[in-house]
Chemist: 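Here it is, the structure, as structure tokens.
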Amino acid sequence: MRSLLVTGGAGFIGSNFVRYYLESHPGVRVVNYDKLTYAGNLDNLRDIGENGDYTFVRGDICSRDEVLAVMKKHETDAVVHFAAESHVDRSISGAAVFVATNVLGTQVLIDAARERNVERFLHVSTDEVYGSLGREGKFTESTPVHPNSPYAASKAASDLLVLAAVHTFSFPAIVTRCSNNYGPYQFPEKLIPLMIACAMDDRPLPVYGEGINVRDWLYVRDHCTALDAVMERGRNGEVYNIGGNNECRNIDIVRLLLRKLRKPESLISYVKDRPGHDLRYAIDASKVMGELGWAPGVTFEQGIEQTVEWYLKHEPWWRRIMSGAYREYYKDMYET
Ligand code: NAD
Ligand code: TDX
């Protein structure tokens, strides 16, 4: 592979992936194609800047002409598709943009990639497509999809469109479904960075319901290494679950963060629950581990320690998001 198109590379996981990929695959040209919605932030890649191997192009995955033009100009031979609306609460307030970006945008990419004879298409999806678990069991790749939020439903639809293209046209695609990520550059609307930001300012930490919902947490860099393994050695038409075997109740994460930040538990504020809130997610990652030899590089304790340190050290990064300043400066920084 010589030229990789990364969609959504200015977001949380995409920017971690771009940085990881440039470091570990010198000589491969990486084009970051991102619309820069509220979740896209070029601060995330400021240290990289443009160089021989990296180009940023502002564009919308829903625009067929723009997508085809960027694939043609940069001779794309592989795609890693992160671009999406990603926040469950926003999908509950308004689902239309989730359908437009996650469903229609993915179909536009599939069509363009087929037209350009792209050799590999990696569709980055989520464990949320499987719905909610009770206290027992884990999601395997053969668990039926049963999405419960508009976000999860739009991601499940996009997965099915990718798999349908594999079946109908022998489209060379793979779907990955990862559990909750955490780490540097996560937008502070998501649980861990939001709680850190609130705690730093001694503001109440809003815990939904009783805080007993369970998520299975994976350090973002470990998600990136898993995606790399799937790109290199995964089989077309397959689904690979990715997860770190780190189940944790929300309230336990919040308490852990408060301890690390030396803030009192009296800051915890139990608020109205998220409508339709999934109780528990847990990933069985034995396929990606056994077949592709992937394993996480850090434990949850190490990952959360590094994450808290990162947010403490990069306070200006999240404060620029909180103030809205992150949207102002990059007007002349990109090619359109
Ligand atoms: P994010 O919200 O931080 O980033 C999304 C990026 O996509 C942003 O840079 C945004 O500008 C861009 N984007 C949105 N609409 C676009 C469009 N129409 N055209 C081009 N770019 C557009 O999301 P994230 O948390 O980094 O998640 C990335 C992907 O990984 C998503 O597909 C998500 O479903 C999936 N995923 C996320 C997690 C998680 O825990 N965050 C877990 C599993 C899977
Ligand atoms: O303020 C909050 N209080 C709270 O209790 C927020 C923002 C969240 N929560 C709870 C809801 C969830 O049980 O914390 C848990 C995690 O919430 P989010 O960070 O919003 O993540 P989640 O809904 O689990 O979805 C995430 O993981 C899967 C990502 O946002 C998705 O993009 C990914 O697909």
Side-chain angles (χ1 to χ4, degrees), residues 1 4 6 12-14 16-21 23-25 28 78-82 86 120-147 152 155-156 158-159 162-163 166 172-184 186 192 214-249 252-253 278 280-307:
M1 191 229 304
L4 178 67
V6 176
F12 162 47
I13 307 174
N16 277 280
F17 182 81
V18 165
R19 180 176 292 98
Y20 160 80
Y21 205 85
E23 276 164 27
S24 52
H25 297 266
V28 177
V79 175
V80 183
H81 174 34
F82 293 97
S86 70
R120 178 139 276 193
F121 187 98
L122 179 50
H123 178 65
V124 180
S125 191
T126 169
D127 60 359
E128 300 205 11
V129 299
Y130 294 122
S132 185
L133 291 166
R135 309 226 169 269
E136 301 293 321
K138 292 189 177 220
F139 300 129
T140 71
E141 288 81 358
S142 50
T143 303
V145 292
H146 191 292
K155 290 297 291 188
S158 67
D159 292 14
V162 171
L163 294 170
V166 172
I174 305 179
V175 173
T176 57
R177 292 179 178 150
C178 190
S179 60
N180 283 57
N181 284 215
Y182 67 98
Q186 187 165 29
I192 290 179
V214 173
R215 297 293 183 263
D216 188 352
W217 295 92
L218 183 70
Y219 192 59
V220 61
R221 192 174 173 91
D222 286 332
H223 187 185
C224 295
T225 61
L227 294 174
D228 193 7
V230 172
M231 282 284 282
E232 298 275 318
R233 303 187 292 284
R235 287 177 294 136
N236 287 338
E238 294 292 315
V239 174
Y240 292 90
N241 282 354
I242 302 170
N245 213 11
N246 273 307
E247 287 183 54
C248 205
R249 295 189 313 169
D252 296 329
I253 299 219
D278 284 339
R280 175 173 166 257
Y281 305 143
I283 277 279
D284 177 342
S286 51
K287 179 174 173 181
V288 72
M289 296 178 99
E291 188 179 313
L292 305 183
W294 172 83
V298 295
T299 62
F300 184 62
E301 290 68 29
Q302 291 166 331
I304 209 81
E305 181 69 32
Q306 287 173 26
T307 301

Chemist: Which pair of heavy atoms, one from A152 and one from V129, lies closest together, and at what distance?
Modeler: O-CG1, 3.9 Å
Chemist: Side chains of H223 and N16 only: does a donor on one sit below 3.5 Å from an acceptor on the other?
Modeler: no
Chemist: Nearest 0.5 Å, please: how far is CZ in R221 from CZ in F17?
Modeler: 11.0 Å
Chemist: Angle between ring planes, F121 versus H123, binned at 30° and 60°: parallel, tilted or perpendicular?
Modeler: parallel
Chemist: Between Y21 and D228, is any pair of side-chain heavy atoms under 4.5 Å apart?
Modeler: yes
Chemist: Sub-3.5 Å donor-acceptor pair from the side chain of D216 to the main-chain atoms of I283, do we have one?
Modeler: yes
Chemist: Can you tell me how far apart CG (L227) and CD1 (I174) are? Round to the nearest 0.5 Å.
Modeler: 10.5 Å
Chemist: What class does the angle between the rings of Y20 and H25 fall in, given that below 30° is parallel, 30 to 60° is tilted and above 60° is perpendicular?
Modeler: perpendicular
Chemist: For the residue pair D159 and S125, what are the closest heavy atoms and their distance?
Modeler: OD1-OG, 2.8 Å
Chemist: So, taking the atom named NE2 in H81 and the one named OG in S158, what distance separates them when rounded to the nearest 0.5 Å?
Modeler: 6.0 Å
Chemist: Does the distance from a Lys or Arg side-chain N to an Asp or Glu carboxylate O, for E247 and R280, drop under 4.0 Å?
Modeler: yes
Chemist: When rounded to the nearest 0.5 angstrom, what is the spacing between CZ in F12 and CD in Q186?
Modeler: 4.0 Å
Chemist: Identify whether the distance between the nearest side-chain nitrogen and carboxylate oxygen of R177 and E238 falls below 4.0 Å.
Modeler: no
Chemist: Quickly, which of D127, D284, N245 forms a side chain to side chain donor-acceptor pair (under 3.5 Å) with K138? Name it, please.
Modeler: N245
Chemist: May I ask you to decide if S142's main-chain N or O and Y130's side chain share a donor-acceptor pair within less than 3.5 Å?
Modeler: no
Chemist: Could you tell me whether the side chains of Y219 and Q306 share a donor-acceptor contact shorter than 3.5 Å?
Modeler: yes
Chemist: Within this structure, what is the CG-CZ distance for the pair N181 and R215, rounded to the nearest 0.5 Å?
Modeler: 13.5 Å
Chemist: So, Y182 versus F300, ring centres under 6.0 angstrom or not?
Modeler: yes
Chemist: Decide side-chain contact (heavy atoms from CB on, under 4.5 Å) for L292 and V230; before the verdict, give the C-alpha distance in whole Å, the side-chain angles of both, and the deciding distance to 0.1 Å.
Modeler: CA-CA 7 Å; L292 305 183; V230 172; 3.8 Å; yes
Chemist: Hey, which of V175, V288, N241 is the one that makes side-chain contact (heavy atoms from CB on, under 4.5 Å) with E141?
Modeler: N241
Chemist: Find out whether E291 and R235 are in side-chain contact, i.e. whether some heavy atom of one side chain is under 4.5 Å from a heavy atom of the other.
Modeler: yes
Chemist: Specify the closest pair of heavy atoms between V80 and F82, including all atoms of both residues, with the distance to one decimal.
Modeler: CG1-CE1, 3.4 Å
Chemist: So, K287 side chain and V239 main chain: donor-acceptor pair closer than 3.5 Å or not?
Modeler: yes
Chemist: So, do I192 and N180 sit near enough that their side-chain heavy atoms are less than 4.5 Å apart?
Modeler: no
Chemist: Within the 3.5 Å criterion, strictly below it, is a donor on W217 or S179 matched to an acceptor on the partner's side chain?
Modeler: no
Chemist: If you compare all heavy atoms of C178 against all heavy atoms of L218, which two are closest, and at what distance to 0.1 Å?
Modeler: SG-CD2, 3.7 Å
Chemist: Would you say D222's side chain and V220's backbone share a donor-acceptor pair under 3.5 angstrom?
Modeler: no
Chemist: Step through the shown structure and confirm whether more than 12 heavy atoms of other residues, nucleotides or ligands are within 6.0 Å of CD on E136.
Modeler: no
Chemist: Ignoring hydrogens, what is the shortest heavy-atom contact between I242 and W294? Give both atom names and the distance.
Modeler: CG2-CH2, 4.1 Å
Chemist: To check you understand the geometry: which heavy-atom pair defines the closest contact between R120 and N236, and what is its length?
Modeler: NH2-OD1, 2.9 Å
